[in-house]
2 protein chains.
Amino acid sequence: MDEISIRVLAQLEPENLVSEGQSWQQRKSIQTRVTILDAAVDCLQTHGYGRTTTQLIAEKAGISRGAMLHHYATKQDLIAAVIDYTVYKRMELFLHGVRALKDSDRIAEMAGIEIFWESLLTREFGAYLELAVAARTDPELAEIFLPKARRYDQTELAEVIRAFPEWANLPEAYALAMDYCNAALQGLLINREIWSEGSHRVLRRFVGQTIAMMLAGDLTLPQAVSSKAG
Amino acid sequence: MDEISIRVLAQLEPENLVSEGQSWQQRKSIQTRVTILDAAVDCLQTHGYGRTTTQLIAEKAGISRGAMLHHYATKQDLIAAVIDYTVYKRMELFLHGVRALKDSDRIAEMAGIEIFWESLLTREFGAYLELAVAARTDPELAEIFLPKARRYDQTELAEVIRAFPEWANLPEAYALAMDYCNAALQGLLINREIWSEGSHRVLRRFVGQTIAMMLAGDLTLPQAVSSKAG
DNA sequence: GGCTGAAAACCGGCAAGATTGTTTGTTATT
DNA sequence: AATAACAAACAATCTTGCCGGTTTTCAGCC
């Protein structure tokens with residue numbers, strides 16, 4: 001991974017997990033925290049936000065609830081840390097996929113879409129989606145989730161274009177393409193169990209196709225913000 | 001509303017709410033059940049699936065928990081009824097929007113997209129989305145939700161084309177357009193608080209534009225299901 | 001280098017509150 | 001008289017946060 005990607009990742013890195021612990025206690029603490037956060041991600045992905053209890057997380061992490069509450073005093077503290085962790089891991093996974101893409105053949109537009117799609121199938125994004133939906137109806141969660149989610153979005157926007165420099169001359173089209181890709185694939189993910197497998201593939205190919213046309217200039221973009229446009 | 005729409009609605013109509021009650025008790029029972037279901041929809045939309053308790057629903061409905069449990073013995077019974085009710089109301093609202101659309105000017109393609117979008121902003125769809133997401137991590141809920149959701153999807157597919165008969169000659173394109181529209185707008189809805197207002201409008205216009213191009217035949221559709229296509 | 005008090009990591013138990021389902025009772029309808 | 005609509009109280013369970021106690025590590029001092 002090149003140094004700029006590392007810098008981008010560092011920008012999102014959770015604060016209490018960064019310091020390369022000098023002392024034994026610091027290293028142990030960080031290790032336990034990561035174990036807890038991984039367990040929390042698993043619980044979110046498997047049982048959803050509403051059914052994720054501190055008991056369950058502690059069990060999956062293999063420590064006692066008391067020990068966990070020593071590291072994260074309240075559930076809210078833990079969730080806040082999980083948000084940071086999830087956002088960080090999501091970007092890490094995506095950059096990893098992009099790097100693999102750059103090394104590979106990179107066949108037309110479909111490869112990018114499929115990398116994107118696969119990044120949505122990870123347990124990290126599963127946890128992220130649970131938090132995003134829960135934040136829609138939980139003001140306290142929204143307060144800590146939304147700023148971090150917006151920052152992730154900005155970081156993603158700034159980073160993906162580095163992997164696809166052919167968009168550099170089309171900033172508006174690029175911004176639209178990113179939102180478009182996110183919206184369509186996340187919407188597909190939600191309806192995954194409802195729609196048929198065949199629909200999935202056709203839809204993903206269609207999205208890739210339209211994005212390729214945007215890049216080629218074969219689609220006229222909508223007028224930018226006309227504040228009264230309905 | 002024409003008779004075919006009524007037939008379509010009847011196909012989704014919740015069983016225990018249909019009978020035009022002859023007796024006083026039947027009418028009273030149905031009325032109370034509808035009050036409860038409306039309250040449940042409100043709770044789902046406002047507090048999310050995880051925080052929707054029977055206590056909260058009963059309070060919002062203005063009756064005692066005991067009375068509510070007389071009509072719906074368990075929470076699962078209630079949720080099952082809410083699913084039916086939500087699916088029904090969602091279709092009812094959509095048909096209502098489509099009918100208004102048919103009477104109006106129906107300017108190009110954007111009107112259809114905006115009708116679709118507005119149907120996603122209702123509390124009924126808010127409740128539906130909560131159930132859909134919760135069903136992803138709750139096997140018991142999924143068991144009762146998924147069959148109903150799939151049936152709704154089929155009904156929607158069969159009904160929308162009646163409002164837009166110009167697609168009749170393009171069945172594959174039509175099926176793709178429906179999934180596409182659902183996926184993109186639902187994905188937009190999830191990210192509503194994360195993205196800026198300007199992005200919303202541009203994205204919706206873009207979706208409308210691409211769908212218009214599909215109709216006009218200006219987009220080559222992806223090959224249908226090639227079972228090994230990545 | 002070894003000792004000692006402080007602090008950290010960790011565990012188990014406890015109480016307060018919330019949630020669900022049952023049960024018992026009252027009023028109104030059939 | 002039987003049944004339905006409704007209400008209120010109850011028990012059982014679950015979840016959270018807090019507290020006391022144990023073991024291990026750290027920092028200062030002889």
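If you're wondering where the values come from, they're calculated on a predicted model, not measured in any experiment. Reminder, nothing fancy here: chain letters follow the sequence lines and each chain counts from 1.
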Exercise. Do A:R123 and A:D38 sit within salt-bridge range, that is, some charged N less than 4.0 Å from a carboxylate O?
Worked result: yes

Problem set entry | Residue B:K75, side-chain atoms from C-beta onward, closest of C:dG21, D:dG17, C:dC10 | C:dG21

Rounded to whole angstroms, how far apart are [atom1] on [X] and [atom2] on [N]?
X	N	atom1	atom2	answer
A:I36	C:dA9	CD1	P	11 Å
A:Q26	D:dT25	CD	C1'	12 Å
B:L78	C:dT19	CG	P	15 Å
B:D77	C:dT20	CG	C1'	13 Å
A:Q31	C:dA8	CD	P	19 Å

Seminar exercise, completed: Sorted by number, residues from residues 37-59 of chain B placing a heavy atom under 4.0 Å from DNA chain D are none

Exercise. Which parts of residues 63-70 of chain B get close to DNA chain D, meaning a heavy atom less than 4.0 angstrom away?
Worked result: B:I63, B:S64, B:G66, B:A67, B:H70

Which pairs of donor and acceptor atoms, one on a side chain in residues 189-196 of chain A, lie under 3.5 Å apart (sequence neighbours left out)?
residue	atom	partner	partner atom	Å
A:N191	ND2	A:G187	O	2.9
A:N191	ND2	B:Q186	OE1	2.9
A:W195	NE1	B:D153	OD2	2.9
A:S196	OG	A:S199	N	3.3
A:S196	OG	A:S199	OG	2.9

With a 3.5 Å distance limit and no angle check, can you tell me whether [X] reaches the backbone of [Y] through a side-chain donor-acceptor pair?
X	Y	answer
A:Y174	A:L157	yes
A:E130	A:Y49	yes
A:T46	A:C43	no

Tell me whether the side-chain N/O atoms of [X] come closer than 4.0 Å to OP1 or OP2 in [N].
X	N	value
A:H71	C:dA8	no
A:K28	D:dT24	no
B:T32	D:dC6	yes

For this session: Give a yes or no on whether the ring-centroid distance for A:F94 and A:F116 is below 6.0 angstrom.
Result: yes

Seminar exercise, completed: ring pair (Phe, Tyr, Trp, His ring centres under 6.0 Å) filter on A:F145, not counting sequence neighbours, yields A:Y128

Problem set entry | Any residue meeting side-chain hydrogen bond (donor to acceptor under 3.5 Å, both in side chains) with A:E156, in chain and number order, not counting sequence neighbours | A:Y152, A:N182

Problem set entry | salt bridge (Lys or Arg N to Asp or Glu O under 4.0 Å) contacts touching residues 44-71 of chain A (sequence neighbours left out) | A:R51-B:D138

